[in-house]
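Each remark here refers to the structure printed beneath this line.
Nothing here was measured: the structure is a model prediction, and the numbers come from that model.
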Amino acid sequence: MFYLVCNSLSQRTHLIQSLKDNNILAVFHYISLHTSPFYKEKHDGRILVEADRYTDCLVRLPLFYEL
């Protein structure tokens with residue numbers, strides 16, 4: 001898997017749109033475990049700044065077997 005870490009949610013949004021405008025489908029799919037439906041009830045409530053940052057800033061690039 002290839003990914004980029006943007007500096008902010010707005011930068012990620014702009015990057016995904018720019019790639020889409022050039023027919024490149026990049027997506028985000030990372031959700032920090034403590035906010036996921038599976039684990040949310042089990043989380044002790046601590047603020048996990050770095051985990052939340054990746055939720056907002058990670059972009060997964062497309063992977064093609066022809067590369």
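Taken together through direct or relayed side-chain contacts under 4.5 Å among Ile, Leu, Val, Met, Phe, Trp and Tyr, Ile24 and Val59 form part of one hydrophobic cluster. There is no path of hydrophobic side-chain contacts, each under 4.5 Å, that joins Tyr3 to Leu25. When hydrophobic clusters are built by joining Ile, Leu, Val, Met, Phe, Trp and Tyr residues whose side-chain heavy atoms come closer than 4.5 Å, directly or via intermediates, Tyr30 is not grouped with Phe38.
Annotation: side chain to side chain donor-acceptor pair (under 3.5 Å) contacts of Thr35 (sequence neighbours excluded): Ser32. Under the ring-ring contact (aromatic ring centres under 6.0 Å, His included) criterion, His43 pairs with His34, not counting sequence neighbours.
Considering all non-hydrogen atoms of both residues, Cys57 and Leu9 come closest at SG-N, 4.3 Å. Shown here for Ile16 and Val27, the closest heavy-atom pair between the two residues is CD1-C, 4.4 Å. Minimum interatomic distance between Leu33 and Tyr39 (heavy atoms only, all atoms of both residues): O-CB, 3.3 Å. Here the shortest heavy-atom pairing between Thr55 and Arg12 reads O-NH1, 2.9 Å.
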message = Does Leu58 form a side-chain contact (heavy atoms from CB on, under 4.5 Å) with Arg53? I'd like the steps, not just the answer.
response = CA-CA 8 Å; Leu58 201 75; Arg53 182 173 79 88; over 6 Å; no
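Here the OH-CG distance, from Tyr54 to Leu48, works out to 13.5 Å after rounding to the nearest 0.5 Å.
Taking 4.5 Å as the limit, every side-chain heavy atom of Ser8 sits out of range of all side-chain heavy atoms of Asp56.
Sorted by first and then second residue, the pairs that involve residues 28-44 and meet salt bridge (Lys or Arg N to Asp or Glu O under 4.0 Å), not counting sequence neighbours, are Asp44-Arg46.
The number of heavy atoms from other shown groups lying within 6.0 Å of CD1 (Ile31) does not exceed 12.
Judged by distance alone, with hydrogens and angles left aside, the side-chain atoms of Gln11 form a donor-acceptor pair with the main-chain N or O of Asn7 at under 3.5 Å.
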